[in-house]
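See below for the structure under consideration.
Note that this is a predicted model, so its numbers are computed, not measured. The sequence lines fix the lettering, A, B, ..., with proteins before strands; numbering per chain opens at 1.
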Amino acid sequence: MGLKRNFRVWRGNSEGEGALKDYEVDVLEGEVVLDVIFRIQATQATDLAVRWNCKAGKCGSCSVEINGKPTLMCMTRMNTFEENETITVTPLRTFPVTRDLVTDVSFNYAKAREVPAFTPPVGLEPGDYRMSQEDVSRSQEFRKCIECFLCQDTCHVIRDHEENKTNFAGPRVLMRVAELEMHPLDTLDRTRMAQEELGLGYCNITKCCTESCPEHIQITDNALIPLKERVVDVKYDPVKWLGNKIRVRSSND
Amino acid sequence: MSTVTSNDQQGVTTPGERAKIKARTLRSDRWWIQPAVIVGALIAFIIYSTWRAFENAYYYSEPLISPFYAPCLASSCIDGSSSFTPIGSWWILSPALIILVFPLGFRMTCYYYRKSYYRSFWLSPPACAVSDSHKRYTGETRAPLILQNSHRWFFFAGLVFNVILTYDALIAFRNSEGEWGHMSVGTVVLLANATFLWMYSLSCHTARHVVGGRLKHFSAHPIRYRAWTYMSKLNAKHPRYAWISLVGVAMTDLYVRQVASGSITNFYFF
Ligand code: SF4
Ligand code: SF4
Ligand code: FES
Ligand code: FES
């Protein structure tokens, strides 16, 4: 078999009690971290809990932290590490652990449910409106999301401050708000909600969500900052405020 | 944001349901390099610009004016540096201090600089997945940081400055006697400075929003959509323009200072 490599894998229970355990394991040419975790599971730790599905970077199940960086196990190639480097794999550190490398990410689903759904104009029938490419290209970028929640995990607002979980929905969810705000047929205005209920103001645009996104979605530049600018439009822009008092702006422009 | 504390019973080290791991970060790469470089660069600029703003000398040598002193609005401005001095003679400090608040405010509230100094000075976070060690964190939800939302106002003020500095570059097509049709190294320096500042402003996130980003319905606004598409390309390079224009302003000022103090001669091409 191939080269022996050193792994440190966090093993623990749902109380969060556990420790990093060392494993010396064979690694073959062309493997990714997930392959090696499988080998550890097959040969040395048959009870190692790990979540995965597609092994192709598309299901978003295998999110963990490797050498401290939130990332997908199936997309992290072994040849990106030095040969003598010890590779540390831990569960996501922002969410409650279920067991070993598996975390409970239900926080993200709960937050996603707080966003009111797409609301087309009343009476619009299927086929009444034809979508142009330029109207959907912004949303299409956000739609590449595989819901791995690495952005939510990296975001220091909740990663470093458990108490902010009540007030902050996280980049993935705010990106969904941005998507709806950019939809030509959506009739709801969620900008105030983004600021006042979903905690957009907590984001200090330090771009860690963008850096960790395996789909390379420009979350901060294309979703969060545009959303912040929309909040400025409605809440902090005196000229617009005055303009809106004098003449009514079409919400559909 | 509160001050840095040694409290480690929070965030990634919160006791409870998260995996209990002591380390603030398990990153093994040199994540601290980037914030360290940014601290160094910004401090260097702050020291240089503070010194120059208070120096109150060597900012004008016909036809060149330093961007730190343009427009010069006080009566105490060096002869010839200004034809418009509404501030009058009661202002006894350096005239740079009257206008500095605008470019300063513009950059302080810039989304890119915010990212930079939140990371490197406030350490929140110092780098991704490195714990920020602040006891509490409220981001930009309350005073004073809620004032970051004033960026739009500074952006428009910045445009006025760009126009003034472009004008200053154009009147540098004169010689030291004020005759037109001449061009010197100083002209090139001032032109380059104005260009970089325009690139910085046009790549601004607010500019991108105002021009078209705020629209829901691109297909109904084809011209604004095209403008937005173009500005989005510039916007992707905003950090680069932020640095180029910052260094550019300092270098332009330094050049004018050297000429005005007589250390170098402004070479004329024609
Ligand atoms: S840019 Fe905002 S949402 Fe993204 S990680 Fe940073 S603080 Fe969180
Ligand atoms: S936005 Fe990117 S990082 Fe966040 S959940 Fe989607 S794919 Fe993952
Ligand atoms: S296993 Fe599907 S993304 Fe890694
Ligand atoms: S975002 Fe940087 S100048 Fe506006």
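Here side-chain hydrogen bond (donor to acceptor under 3.5 Å, both in side chains) pairs that include residues 33-43 of chain B, with residues two or more places apart or in two chains, number zero.
Counted within 6.0 Å of CD on A/E82, heavy atoms from surrounding residues, nucleotides or ligands total 12 or fewer; the atom is thus considered open. Within 6.0 Å of the CD atom in A/E83, the count of heavy atoms belonging to other residues, nucleotides or ligands does not exceed 12. The local environment of CD1 in B/I33 is crowded, with over 12 non-hydrogen atoms from other residues, nucleotides or ligands closer than 6.0 Å. Within a 6.0 Å radius of OH in B/Y117, more than 12 heavy atoms belonging to other residues, nucleotides or ligands are found. Atom CE of B/M108 has 12 or fewer neighbouring heavy atoms from other residues, nucleotides or ligands inside a 6.0 Å radius.
Residue A/C208 comes nearest to B/R119 through the heavy atom pair SG-NH2, 3.6 Å, listed as atom of the first residue, atom of the second, then distance. Between B/F218 and A/E134, the closest heavy-atom pair is CD1-O, 3.4 Å. For B/N149 against A/V232, the heavy-atom pair with the smallest separation is OD1-CG2, 3.6 Å. Considering every non-hydrogen atom in both A/Y236 and B/W153, the closest pair reads O-NE1, 3.9 Å.
Neither the backbone nor the side chain of A/C155 comes within contact range of chain B, judged by heavy atoms closer than 4.5 Å. Contact annotation for A/T220: neither backbone nor side-chain heavy atoms come within less than 4.5 Å of a heavy atom of chain B. For A/L227, no part lies near chain B; criterion is any non-hydrogen pair under 4.5 Å. The parts of A/T206 that come within reach of chain B are both its backbone and its side chain, each placing non-hydrogen atoms under 4.5 angstrom from that chain. With a 4.5 Å cut-off on non-hydrogen atoms, A/I158 touches chain B through its backbone but not through its side chain.
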For this session: Determine, stepwise, if the pair A/K228 / B/E140 fulfils side-chain contact (heavy atoms from CB on, under 4.5 Å).
Result: CA-CA 11 Å; A/K228 280 192 177 242; B/E140 300 182 339; 2.7 Å; yes
Exercise. Stepwise, does the salt bridge (charged side-chain N to carboxylate O under 4.0 Å, His left out) test hold for B/R152 with A/D233?
Worked result: CA-CA 10 Å; B/R152 186 165 302 179; A/D233 280 347; 2.6 Å; yes
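With respect to chain B, the highest number of heavy-atom pairs below 4.5 Å among A/N13, A/V231, A/N222, A/I66 belongs to A/N222. When each of A/I225, A/V97, A/T154 is scored by its heavy-atom pairs under 4.5 Å with chain B, the top score falls to A/I225. No other option in A/K207, A/Q218, A/R138 has as many heavy-atom pairs under 4.5 Å with chain B as A/R138. The candidate with the highest count of non-hydrogen atom pairs below 4.5 Å against chain A, out of B/N235, B/V130, B/I146, is B/I146. Ranked by heavy-atom pairs under 4.5 Å with chain B, the first of A/E211, A/M131, A/E85 is A/E211.
Legend: residues meeting ring-ring contact (aromatic ring centres under 6.0 Å, His included) with A/F118, ordered by chain and number and at least two apart, are A/H183.
Using modelled atom types, one side-chain atom of B/Y137 and one backbone atom of A/Y202 make a donor-acceptor pair closer than 3.5 Å. Listed for the B/K20 side chain is no donor-acceptor partner under 3.5 Å among the backbone atoms of A/G12. Between the side chain of A/N204 and the backbone N or O of B/S124 there is at least one donor-acceptor pair closer than 3.5 Å. For B/K216 (side chain) and A/D186 (main-chain N/O), a donor-acceptor pair under 3.5 Å exists by modelled atom type.
Electrostatic pairing of B/E17 and A/R93 does not count as a salt bridge here, judged by no charged N lying under 4.0 Å from a carboxylate O.
Near-neighbour residues of residues 25-32 of chain B relative to chain A, defined by a heavy atom under 4.5 Å from a heavy atom of that chain, comprise B/T25, B/L26, B/R27, B/S28, B/D29. Contacts from residues 193-208 of chain B to chain A, taken as heavy-atom pairs separated by less than 4.5 Å, involve B/H205, B/T206, B/R208 in sequence order.
Using a 4.5 Å heavy-atom cutoff, the side chains of A/P184 and B/S219 are not in contact.
Side-chain contact annotation: B/H238 with A/D221, donor-acceptor N/O pair under 3.5 Å absent. Side-chain contact of A/E229 with B/Y111: a donor-acceptor pair under 3.5 Å is present, judged by distance alone.
Here CZ of B/R18 is found 5.0 Å from OG1 of A/T94. Values are rounded to the nearest 0.5 Å. Considering OG of B/S116 and CD1 of A/I205, their distance stands at 9.0 Å, rounded to 0.5 Å. Taken from OH in B/Y118 to SG in A/C203, the straight-line distance is 9.5 Å, to the nearest 0.5 Å.
Using a 30° and 60° split on the angle between ring planes, B/H217 and A/Y129 fall in the tilted class, from 30° to 60°.
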